[in-house]
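Since the structure comes first, as structure tokens, the remarks are kept for the end.
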Amino acid sequence: MCGIVGLFLKDPKLEPQLGAMLTDMLITMTDRGPDSAGIAIYSSAGKGLGKITVQSADPGTDFKDLDGDLKEAIGAPVAMLIKSTHAVLDVPLAQLEAARSALLHLRPGIKIMSSGENIEIFKEVGLPKDVAARFDVASMGGTHGIGHTRMATESAVTTMGAHPFSTGSDQCLVHNGSLSNHNGVRRELKRLGMTFETENDTEVGAAFISHKLQTGETLGAALEATLTDLDGFFTFVVGTRNGFGVVRDPIACKPAVMAETDQYVAFGSEYRALVNLPGIEQAHVWEPEPATVYFWER
């Protein structure tokens, strides 16, 4: 049992409040997942810039002079914002992949949480309220975001086991459920060149969608493919640079509710995650249908 939340803003006036709204939604889902929590926020780094979010178990050592060392390695300006065990590095977009590669050599102990033009991911072990406060998520603005509260059932409670999982540029996924064929799918994706950091089944779902997107599929088509190629019980909420998608397996035993107004589209594992959103009383509220893809893109 886990809790999922998501918010895709249509009204730019709400963008400064994105982090605050997602934090409230995430904390409401605490009893569905008190082991760990994570959140992905989409916001622009600035024209011509990309972002890499990294995590360290020893930030005092790993983040010391990291921006300067990375600048020297890629020969381009680097800005760094440290948030507890995470740091967000702004680098020229053209140097994004070079920066990712250099980071693994400069600081072998760090983990890359996400990279892309817009995405930042923060996740750690602990209660959702503590994780959100640790990274001051409530102060963050953006266009859309997704979050997850985890109750571990099949793998260890670790930072890397927390959701969201990001396996492609500006793409991430959160999941409630269990995939029964993840080992076979992981083997096939490895053969196709995908890499994995954990044994978590959710990372397989994320990588499956990433691979589809990398081969030219639309977000809608990638989500449709999960219904034929992935077995088990699942509710997926996916974020991309411009989009937000939801799909449930054909049995749809995992709870889910959605709401849409002229200002936003929202997702929660339960309706109580949505009750404090502006204008929720007038929203179109529904339970997403089994084996049905929902997605919104700018």
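Side chains are part of it too, since the values below use all heavy atoms of this structure and drop only hydrogens, waters and symmetry mates.
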Mind running salt bridge (charged side-chain N to carboxylate O under 4.0 Å, His left out) on Glu287 and Arg248 for me, showing each step along the way? CA-CA 10 Å; Glu287 180 181 351; Arg248 303 171 80 195; 3.0 Å; yes

So which atom in Pro12 and which in Pro16 form the shortest heavy-atom distance, rounded to 0.1 Å? O-CD, 3.9 Å

Side chains of Lys51 and Ser114: any donor to acceptor distance under 3.5 Å? no

Just by distance, with hydrogens left out, do Arg100 and Ser115 show a side-chain donor and acceptor under 3.5 Å apart? yes

Under 6.0 Å from the six-membered ring centre of Phe234 and within 45° of its axis: does the NZ or CZ of Lys254 meet both? no

For Ala73 and Ala102, the nearest pair of non-hydrogen atoms, with its separation, is CB-CB, 4.0 Å

Over all heavy atoms of both residues, which pair between Asn183 and Arg186 is shortest? Give the atoms and the distance, please. OD1-NH1, 3.0 Å

Glu188, CD atom: more than 12 neighbouring heavy atoms under 6.0 Å: yes

In the single-linkage hydrophobic clustering (I, L, V, M, F, W, Y; side-chain heavy atoms under 4.5 Å), do Ile52 and Leu70 co-cluster? yes

Side-chain heavy-atom pair Leu26, Thr28 within 4.5 angstrom cut-off: no

What class does the angle between the rings of His144 and Tyr42 fall in, given that below 30° is parallel, 30 to 60° is tilted and above 60° is perpendicular? parallel

Quick check: does any side chain N or O of His86 sit under 3.5 Å from a backbone N or O of Lys123, one acting as donor and the other as acceptor? yes

Interatomic spacing from OG in Ser101 to CD1 in Ile74 - rounded to 0.5 Å: 11.0 Å

Please determine whether the number of non-hydrogen atoms from other residues, nucleotides or ligands lying under 6.0 Å from atom CZ of Phe196 exceeds 12. yes

If Ile, Leu, Val, Met, Phe, Trp and Tyr residues are connected whenever their side-chain heavy atoms lie under 4.5 Å apart, and connections chain through other members, are Met21 and Val285 in the same group? yes

Classify the ring geometry between Phe165 and His163 as parallel (under 30°), tilted (30 to 60°) or perpendicular (over 60°). perpendicular

Verify whether one side chain among Ser84 and Arg134 offers a donor that lies under 3.5 Å from an acceptor in the other. yes

Is there a path of hydrophobic side-chain contacts, each under 4.5 Å between heavy atoms, that joins Val137 and Met29? yes

Distance only, no hydrogens: is a donor on one side chain within 3.5 Å (strictly under) of an acceptor on the other, for Glu124 and Thr159? yes

Keeping the roles fixed (side chain from Thr167, backbone from Ala207), state whether a donor-acceptor pair exists under 3.5 Å. yes

Does one side chain, of Thr198 or Glu203, offer a donor that lies under 3.5 Å from an acceptor on the other? yes

Ala266 and Leu274: which non-hydrogen atoms are nearest, and at how many Å? CB-CD2, 4.0 Å

State, to 0.1 Å, how close Thr149 and Pro128 come at their nearest heavy-atom pair, and which atoms those are. CG2-CG, 3.4 Å

Between Arg272 and Asp31, is there a salt bridge with N-O shorter than 4.0 Å? yes

Ring centres under 6.0 angstrom apart (Phe236, His175): yes

Please check if any side-chain donor atom of Ser56 sits under 3.5 Å from a side-chain acceptor atom of Asp58, or the reverse. no

Check the pair Phe267 / Thr235 against side chain to side chain contact (heavy atoms under 4.5 Å, CB included), numbers first and verdict last. CA-CA 11 Å; Phe267 177 96; Thr235 295; 3.7 Å; yes

Return yes if some donor-acceptor pair links the side-chain N/O of Asp170 with the main-chain N/O of Asn118 below 3.5 Å, else return no. yes

Distance (rounded to the nearest 0.5 Å) between Lys83 NZ and Asp136 CG: 5.5 Å

Is NZ or CZ of Arg107 both nearer than 6.0 Å to the six-membered ring centre of Phe63 and within 45° of the ring axis? no

Should Leu277 and Ile27 be regarded as members of a common hydrophobic cluster, given that ILVMFWY residues are connected when their side-chain heavy atoms come within less than 4.5 Å of each other, either directly or indirectly? no

Near Arg187 CZ, under 6.0 Å, is it more than 12 heavy atoms from other residues, nucleotides or ligands? no

For Ile280 and Tyr264, what are the C-alpha separation, side-chain angles and deciding distance, and is it a side chain to side chain contact (heavy atoms under 4.5 Å, CB included)? CA-CA 10 Å; Ile280 191 66; Tyr264 58 80; 3.9 Å; yes

About how many Å separate CG of Leu89 and CD of Glu120, when rounded to the nearest 0.5 Å? 10.5 Å

Is there a donor-acceptor pair under 3.5 Å between the side chain of Asp249 and the backbone N or O of Ala252? yes

Check for me, please, whether Leu104 and Val91 land in the same ILVMFWY cluster - side-chain distances under 4.5 Å, paths through other members count. yes

Stepwise side chain to side chain contact (heavy atoms under 4.5 Å, CB included) check, Gln263 with Lys10: CA-CA 5 Å; Gln263 292 185 297; Lys10 302 177 185 180; 5.7 Å; no

Run Phe244 and Val238 through side chain to side chain contact (heavy atoms under 4.5 Å, CB included) and show every step you take. CA-CA 6 Å; Phe244 171 82; Val238 177; over 6 Å; no

Taking the side chain from Asn242 and the backbone from Arg298, do they hold a donor-acceptor pair closer than 3.5 Å? no

Please find the pair of heavy atoms, one from Ala222 and one from Leu213, that lie closest to each other, and give the distance. CB-CD2, 4.3 Å

